[in-house]
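Following: one structure in structure tokens, then a few remarks.
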Amino acid sequence: MTTPQSWEARAEAATLYGFTDLPTIHARGTVVLTHGEGPYVVDVHGRRYLDANSGLWNMVAGFDHPGLTAAAQEAYARFPGYHAFFGRMSDQTVMLSEKLVEVSPFDRGRVFYTNSGSEANDTMVKMLWFLAGAEGKPQRRKILTRKNAYHGVTAVSASMTGKPYNEVFGLPLPGFLHLTCPHYWREGKPGESEAEFVARLAAELEEVIAREGADTIAGFFAEPVMGAGGVIPAPEGYFQAVQKVLKAHGIPLVSDEVICGFGRTGAVWGCESYDFVPDAIISSKCLTAGFFPMGAVILGPELADRVQAASEAIEEFPHGFTASGHPVGCAIALKAIDVILNEGLIDRVRELTPMFEAGMARIGEKANIGEVRGRGLMGALEAVADKASKTPFDGSLSVSERIANACTDEGLICRPLGQSIVLCPPFIVTEGQMAEMFEKLEGALDKVFAEVA
Ligand SMILES: *Cc1c(COP(=O)(O)O)cnc(C)c1O
């Protein structure tokens, strides 16, 4: 289907793909895009796709928000680049830090900037290791996360990620421990109530801490709703139970809000939706509404004081990226936060959630949809060969890839994840566009289930 000079062939010739199913690309060609319009993206052939995944969770204000584009242009015209080393930083960086602390659940704190979510998690781990050394507990280095968690791709954040694909890199590194995934539908035992499931997970955490030794553990990281693990909302009471155990042992709880932060769950933070206050927050993706690569570690008061004291003791915190706190990125983030919080985007998430949930529930009635789950404007539909026994389709059928490809043919972008299909539309979608999303998805599901079921 591709000629040697086609965009598809050129895309394949010189680019090494990340997280891309290569047989699909060989068979179908890359979708090469030129621009976006609201929640749609347009390819080199002029085909439009409704992007039900907001790019990669992040383009929550759509692909052509005029206020964000103008803020970026103004910032580039004023100060196109600077760092935040050696006692210098841009005025935009100062203002963004104040804003992030203001909108955080903390009454005071400090912010450290990175270029991505992975680097923000990596930086947080280095901060915890720095504290371990500085506070005379050098053995306090182990990191606890959950199976199926996604925390990024650097050597450390991939070690935190609880996915089997990291085995090909010889990861995780030693000292990264993965607890049970808090997915009640899949992991709950027959006859076990949700409350009993939560109690079992808290007991497991207690056992792991007892086995490893509390003074060997640097921190516990968790996404309020697991994103790339398949959109898995925490069960009722989970964070309260886990935090109680962590507090008793002096282990910090870090909320990885790279997806949940800035509105996705219907509150500013996922921890707000789940009613807990962590010791630190990791932010990225929606921080700039996807208009600039940026990540941030937001430390609550206690960790901020400890990292500051440890840094004072050796006269610096020896860490940072060349583009940390980039003035253009900070200006865009300030505008993005303003757009999300003050121009009604977060209200829009709350308004759209009932329609989103109703659409998902309707599709969930299909014989081959085992579970429908989500929170706010993030959801997943898990395909099963048999609903009653929750038996997945044979992996060789690539059911979720086929569904996603059938959607692409219909002009809808949505992502296969395991045997699930993920939906996380931009916050600016209209009711009509939401209806279009479900209509196209349903067409694709019916087509693929007719082939495989
Ligand atoms: C995407 C993601 C990351 C990694 O962010 P990158 O910018 O891709 O490095 C970390 N944590 C969570 C929860 C994410 O969804």
Side-chain angles (χ1 to χ4, degrees), residues 105 144-151 162 177-212 214 217 219-257 259-260 264-267 269-279 281 350 353-354 356-358 360-361 364-365 369-382 384 386-392 418-420:
L144 305 182
T145 61
R146 292 92 48 83
K147 292 193 184 94
N148 245 333
Y150 185 84
H151 297 292
L177 308 178
H178 301 105
L179 304 169
T180 300
C181 175
H183 187 186
Y184 176 54
W185 179 74
R186 233 341 136 203
E187 300 290 337
K189 294 194 168 139
E192 190 177 45
S193 72
E194 189 165 324
E196 288 162 350
F197 176 61
V198 167
R200 175 157 65 84
L201 297 193
E204 178 198 37
L205 174 62
E206 192 74 77
E207 279 157 30
V208 169
I209 294 170
R211 185 188 73 210
E212 302 290 328
I217 298 170
F220 178 97
F221 287 67
E223 304 153 81
V225 181
M226 287 176 143
V231 186
I232 299 165
E236 184 69 32
Y238 172 81
F239 280 104
Q240 286 65 32
V242 161
Q243 192 167 35
K244 195 170 157 220
V245 175
L246 295 171
K247 274 204 170 129
H249 296 286
I251 299 169
L253 167 60
V254 180
S255 191
D256 183 343
E257 301 262 0
I259 287 175
C260 295
R264 184 56 77 183
T265 64
W269 304 105
C271 59
E272 223 179 304
S273 287
Y274 287 92
D275 202 21
F276 68 98
V277 177
D279 296 289
I281 282 179
R350 291 190 206 110
T353 296
F356 184 63
E357 288 176 346
M360 298 244 300
E365 287 165 13
I369 297 293
E371 191 192 32
V372 165
R373 53 180 182 263
R375 181 93 188 204
L377 275 195
M378 61 194 292
L381 301 149
E382 184 152 341
V384 286
D386 183 72
K387 198 161 181 153
S389 62
K390 307 179 185 176
T391 309
Q419 302 240 331
S420 300

Would you call Lys390-Glu382 a salt bridge at under 4.0 Å N-O? no

Going from CE on Met378 to CZ on Phe356, what distance comes out if it is rounded to the nearest 0.5 angstrom? 9.0 Å

Which distance, rounded to the nearest 0.5 Å, do you find between the CD1 of Ile281 and the CG of Asp256? 10.5 Å

Does Arg373 use its side chain to pair, donor to acceptor, with the backbone of Val231 at less than 3.5 Å? yes

Report yes or no: does Glu223 contribute a side-chain atom to a donor-acceptor pair with the main-chain N or O of Tyr150 at less than 3.5 Å? yes

Using the side-chain contact (heavy atoms from CB on, under 4.5 Å) rule, pick out the option among Lys387, His183, Arg186 that qualifies with Glu371. His183

How long is the gap from CZ on Phe221 to CG on Leu144, to the nearest 0.5 Å? 10.0 Å

For Gly191 and Glu196, which heavy atoms make the closest approach, and how far apart are they? O-OE1, 3.8 Å

Between Arg350 and Gly266 (side chain of the first, backbone of the second, donor and acceptor by atom type, cut-off under 3.5 Å), is there such a pair? yes

Begin with the C-alpha distance, continue with both residues' side-chain angles, and end with the deciding distance and a verdict on side-chain contact (heavy atoms from CB on, under 4.5 Å) for Leu205 and Val242. CA-CA 7 Å; Leu205 174 62; Val242 161; 3.8 Å; yes

Glu357: side-chain hydrogen bond (donor to acceptor under 3.5 Å, both in side chains) partners, not counting sequence neighbours: none

Tell me the closest heavy-atom pair linking Cys271 and Pro105, and the distance in Å. SG-CG, 4.0 Å

Only counting residues at least two apart or in another chain, list the ones meeting side chain to side chain contact (heavy atoms under 4.5 Å, CB included) with Phe197. Tyr184, Glu187, Glu192, Arg200, Leu201, Pro235

State, to 0.1 Å, how close Arg264 and Leu377 come at their nearest heavy-atom pair, and which atoms those are. NH1-O, 2.8 Å

Short side-chain to backbone donor-acceptor contact, Asp279 and Leu253, under 3.5 Å: yes

Applying side chain to side chain donor-acceptor pair (under 3.5 Å) as the test, list every pair that has at least one member in residues 226-255; sequence neighbours left out. Arg146-Tyr238, Glu206-His249, Ser255-Glu257

Between atom CD1 of Ile259 and atom OG1 of Thr265, what is the distance when rounded to the nearest 0.5 Å? 11.5 Å

So which heavy atom on Tyr274 is nearest to which on Pro233, and how close? OH-CB, 3.2 Å

Taking every non-hydrogen atom, the tightest pair across Asn148 and Met226: C-CE, 3.9 Å

Closest non-hydrogen contact found for Val372 with Ala361 is CG1-N, 4.4 Å

Does the Arg375 side chain pair with the main chain of Ser273, one donor and one acceptor, at a distance under 3.5 Å? yes

